[in-house]
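Contents: one structure, followed by commentary.
Nothing fancy with the numbering, it's 1 onward along the sequence.
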Amino acid sequence: MQVLERYQSQVIGVFRIVVGFLFATHGAASLFGVLGSKQAEAFVWPSWWAAVIQMVGGALVAIGFGTRYAALLCSGSMAFAYFTVHQVDALLPVQNGGEKAALFCFAFLLIAFLGNGAWALERGTAATQRQTAAVATE
């Protein structure tokens, strides 16, 4: 088990990057009507706003900046989507087509609690701030 724990930060980082990227592309497809998706009408609730959250929130999570807050917002938006769009049709995700919403919801909730992992932009800025503070106190 120590072998698995040794790479925990890297695996969390890869998970964060992949989930964020997939979510951002999902939002971009809806915002711009690309990749086989229908374009969401500008400023229409909730489709356009959901697409903005998906694209911006997913990108922030992928690069690792404001990750916990962005992931929590993304998780909440998918919970909202599941309960307002999918669950009205049937109880279980396999019946109502809500598997992606449920998976994204819990993936982002996990990221919000676990944090960035490796290769996050936020890690670099925090390290830079610590170095700057250390130099200022000398």
Under the side-chain contact (heavy atoms from CB on, under 4.5 Å) test, which residues partner [X], sequence neighbours left out?
{"X": "A71", "result": "V61, F108, I111, A112"}
{"X": "L73", "result": "I53"}
{"X": "L103", "result": "none"}
{"X": "V88", "result": "none"}

Linking I/L/V/M/F/W/Y whenever their side-chain heavy atoms sit closer than 4.5 Å, directly or via other members, would [X] and [Y] fall into one cluster?
{"X": "F83", "Y": "M78", "answer": "no"}
{"X": "F23", "Y": "L121", "answer": "no"}
{"X": "W119", "Y": "L110", "answer": "yes"}
{"X": "F21", "Y": "V56", "answer": "no"}
{"X": "L4", "Y": "V14", "answer": "no"}

Write out all pairs satisfying side chain to side chain donor-acceptor pair (under 3.5 Å) with one or both partners inside [range], taking only residues at least two apart or from two chains.
{"range": "residues 89-109", "value": "Y82-N96"}
{"range": "residues 43-56", "value": "none"}
{"range": "residues 3-23", "value": "none"}
{"range": "residues 23-44", "value": "none"}

Compare every heavy atom of [Y] with every heavy atom of [X], then report the nearest pair and how far apart it is.
{"X": "V19", "Y": "A107", "answer": "CG1-CB, 4.1 Å"}
{"X": "A70", "Y": "L60", "answer": "CB-CB, 4.0 Å"}
{"X": "H86", "Y": "A101", "answer": "CD2-CB, 4.0 Å"}
{"X": "A59", "Y": "A24", "answer": "N-CB, 3.7 Å"}
{"X": "L31", "Y": "A51", "answer": "CG-CB, 3.7 Å"}

Side-chain contact test, heavy atoms from C-beta onward, threshold under 4.5 Å: evaluate it for L114 versus F15 and give yes or no.
no
With side chains defined as the heavy atoms from C-beta onward, is the minimum distance between L22 and F104 less than 4.5 Å?
yes
Would you mind listing the cluster partners of L91? Hydrophobic ones only (ILVMFWY), side-chain contacts under 4.5 Å, chaining allowed.
L92, V94
Got a sec, which hydrophobics cluster with L72, joining ILVMFWY side chains under 4.5 Å apart, including via others?
F106, L109, F113
What residues form a side chain to side chain donor-acceptor pair (under 3.5 Å) with T67, not counting sequence neighbours?
N116
Can you name the residues that form a ring pair (Phe, Tyr, Trp, His ring centres under 6.0 Å) with F32, not counting sequence neighbours?
none
